[in-house]
Each structure stands twice: as C-alpha cells, then as structure tokens.
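Hydrogens, waters and symmetry mates play no part in the numbers below; they use all other heavy atoms, side chains included. This chain uses plain numbering: 1 for the first residue, then up along the sequence.
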Amino acid sequence: MAEGAGMAGAQRPVWKSVALWMLVALLGLVSIAGLLSVGLFIWPFFVAGVVLMAIRPGWARGVATLLFALAASSLIVVWFNRRGPGRVCTVDPQYGLGCADYLNPWLFAGVAAAAAAVAVVLFVRAAKGGSVSVSGAGPGPS
C-alpha cells in the first residue's frame, strides 16, 4: 500500500519540467546572442540553471528539451546564413550594392542534427521508463 502511494507521489507534471527547461534554454540563447554585451553576465545564471535542473529526478526529458532548443536555434542560424559561406553581394534597385559576410551553414546544420538525434534518444528512453546514466554504463554488478 505504501509502495503504491510512493509511486503516485513521485509523478511530477511533465509540463512544469519542460517549461523550466525552456526557460533555462532561453536564458542560454540570450546569453549567447548578447555575448559581446551582457551575455557574459547572464552565462553563470544559465549554467546554474542547467546544473539545478539536471540534478532533479527525470532530468533526461529536460535535457532533451534543452537539446531541442539548441537544435532549433542552430536551424535559425542556418536559415540566416543560407547564402554562405563567405562574402555575398547583392544589388538592390532602391539601396544599391550591398555586401554581407555569411557563416558556413553546414556546421550549424550538423550541430542541429546531432542535438536533435541525442534529444530523440533521451525522449525515447525516458518514455520507456529506462534509466539513462550519465557515464553511459548500464546497470551492472556493484
């Protein structure tokens, strides 16, 4: 009887964890976007948020959410740099010649694909109820 009550108490709403992880991810994105101004001051709060969220039970789902946010932000960078890499000049009838330097979008596409793949694995393992260990070692003899 006590075992069943303990299991019901261990269940936490998933949406709260996902919302907190999205907030931490947003903090990280703001930190990276403002790296040359206030980003360095925001970065410690992002790291503290990741650490505090990662030590909670059910961390795999939250880390997967963070990785999906990283993948989405990387895809935004891919979209804005789709003409790159290098300097690209265009002629606009109203403004004349305009040149811009673009990053290599394939690097960011690779980051997005890798982050999304790891996130999917974490989500699947968390949904199946399997344990996800940080060291990668499965359950074994002590």
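Contact detail for Arg83 and Val88: the closest heavy-atom pair is O-CG2, 3.6 Å. Between Pro105 and Pro85, the closest heavy-atom pair is CD-N, 4.2 Å. In terms of heavy-atom proximity, Ser74 sits nearest to Ala112 at CB-CB, 3.8 Å. Between Asn81 and Leu103, the closest heavy-atom pair is OD1-N, 3.0 Å. For the pair Phe68 and Val120, the tightest heavy-atom approach, listed with the atom from each and the gap, is CZ-CG2, 3.8 Å.
Under a hydrophobic clustering in which Ile, Leu, Val, Met, Phe, Trp and Tyr are joined whenever their side-chain heavy atoms come within less than 4.5 Å, directly or via other members, Leu67 and Phe46 fall into the same cluster. Residues Ile76 and Trp106 are members of separate hydrophobic clusters, defined by side-chain heavy-atom contacts under 4.5 angstrom among Ile, Leu, Val, Met, Phe, Trp and Tyr. Connection of Val78 to Val118 is not established within any shared hydrophobic cluster, with ILVMFWY side chains joined at heavy-atom distances below 4.5 Å, either directly or through further cluster members. Side-chain heavy atoms closer than 4.5 Å link hydrophobic residues (I, L, V, M, F, W, Y) into clusters, and following such links, even through other members, never connects Leu75 to Val111.
Within 6.0 Å of OH on Tyr102 lie more than 12 heavy atoms contributed by other residues, nucleotides or ligands.
Sorted by first and then second residue, the disulfide (SG to SG under 2.5 Å) pairs with a member in residues 63-99 read Cys89-Cys99; sequence neighbours excluded.
Screening Val51, Leu52, Val50 against Val24 for a side chain to side chain contact (heavy atoms under 4.5 Å, CB included) leaves a single residue, Val50.
With hydrogens and angles ignored, the 3.5 Å screen pairs a side-chain donor or acceptor of Arg82 with a backbone N or O of Trp79.
Note that OG1 of Thr90 is 7.0 Å distant from CG of Leu97, once rounded to the nearest 0.5 Å.
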